[in-house]
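Because the structure is predicted, anything quoted here is derived from the model rather than measured.
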Amino acid sequence: MENNIRIEYKKFSSFLKDCIKSFSRGYLFLISDEEHQLGETFSFSIKVEGVGETLSAAGKVIFSGTNDAGEKGMGLEFSFDEESRKFIAGNLKESVISKYGDVWGRKLSELF
């Protein structure tokens, strides 16, 4: 059974930080007290303040336990769908460069 998760970011910078952090380490960590099985799947609907398009992504549990900070949760292999990936690589990248400069724009480009 696939689980649906809706995520809303009030700040563009928070989304950018989470996105770059998650993709650079190869997975997304979600804090959760619930037990999740390896291979369990999730779909994501991600709304970012200031970004007109809702992004879609999918993830699969690759580990369950605690992170380096001792928080209980799960690690998910995570990827945006093709339409969201194209939007991030194009329009979103331009927004990042105009707001935060080339360094962050390059970091985002390296992920997609």
Side-chain angles (χ1 to χ4, degrees):
M1 180 175 134
E2 187 167 285
N3 302 288
N4 297 310
I5 297 174
R6 184 177 151 163
I7 300 171
E8 291 188 30
Y9 285 94
K10 299 291 184 201
K11 293 174 145 183
F12 182 81
S13 60
S14 296
F15 164 75
L16 183 60
K17 180 182 168 187
D18 283 354
C19 186
I20 290 173
K21 182 179 175 182
S22 295
F23 278 95
S24 65
R25 70 178 175 208
Y27 64 90
L28 170 69
F29 186 81
L30 288 182
I31 297 170
S32 174
D33 288 330
E34 298 176 23
E35 293 293 323
H36 294 279
Q37 301 298 313
L38 295 180
E40 191 174 346
T41 58
F42 290 81
S43 63
F44 297 89
S45 172
I46 304 166
K47 181 74 176 154
V48 182
E49 187 70 33
V51 174
E53 187 167 321
T54 299
L55 304 172
S56 298
K60 177 176 72 170
V61 177
I62 58 172
F63 75 87
S64 184
T66 57
N67 64 11
D68 293 339
E71 299 164 313
K72 185 178 176 185
M74 62 186 151
L76 298 142
E77 282 182 333
F78 181 84
S79 63
F80 288 101
D81 69 5
E82 189 61 29
E83 187 175 315
S84 295
R85 184 179 292 276
K86 285 179 184 177
F87 179 78
I88 290 168
N91 298 2
L92 199 58
K93 178 186 167 192
E94 294 303 317
S95 293
V96 168
I97 290 171
S98 70
K99 288 183 180 188
Y100 302 103
D102 289 336
V103 172
W104 286 101
R106 272 195 311 277
K107 286 185 179 194
L108 189 64
S109 293
E110 291 168 1
L111 301 173
F112 300 98

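- Residues satisfying the side chain to side chain donor-acceptor pair (under 3.5 Å) test with Tyr9, not counting sequence neighbours, are Asp18.
- Atom CE of Met74 and atom CD of Gln37 lie 11.5 Å apart (nearest 0.5 Å).
- Note on residues 67-81: pairs passing side-chain hydrogen bond (donor to acceptor under 3.5 Å, both in side chains), not counting sequence neighbours, are Glu35-Lys72, Asn67-Glu71, Asp81-Ser84.
- For Glu83 and Arg85, the salt-bridge test fails: no basic side-chain N is under 4.0 Å from an acidic carboxylate O.
- Pairing each heavy atom of Phe87 with each of Glu53, the nearest pair is CD1-OE1, 3.4 Å.
- Cluster annotation: Phe29 and Phe80 are assigned to distinct hydrophobic clusters (Ile/Leu/Val/Met/Phe/Trp/Tyr, side-chain heavy-atom contacts under 4.5 Å, transitive).
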Compile the donor-acceptor pairs under 3.5 Å between side chains in residues 55-66 and protein atoms, sequence neighbours left out, one pair per line.
none

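- Hydrophobic clustering keeps Tyr27 apart from Leu38 (ILVMFWY residues linked when any side-chain heavy atoms are closer than 4.5 Å, directly or through intermediates).
- The distance from the CG atom of Asn3 to the CD1 atom of Ile5 is 6.5 Å, given to the nearest 0.5 Å.
- Centroid-to-centroid, the aromatic rings of Phe44 and Phe78 come within less than 6.0 Å.
- Taking hydrophobic clusters as Ile, Leu, Val, Met, Phe, Trp and Tyr residues chained together by side-chain heavy-atom distances below 4.5 Å, Ile31 does not share a cluster with Phe15.
- The two atoms that bring Glu49 and Phe12 nearest to each other are O-CB, 4.2 Å, heavy atoms only.
- For the atom pair CD (Glu8) and OG (Ser45), the distance works out to 8.0 Å, reported to the nearest 0.5 Å.
- Going from atom OG1 of Thr54 over to atom CD1 of Ile46 covers 9.5 Å, rounded to the nearest 0.5 Å.
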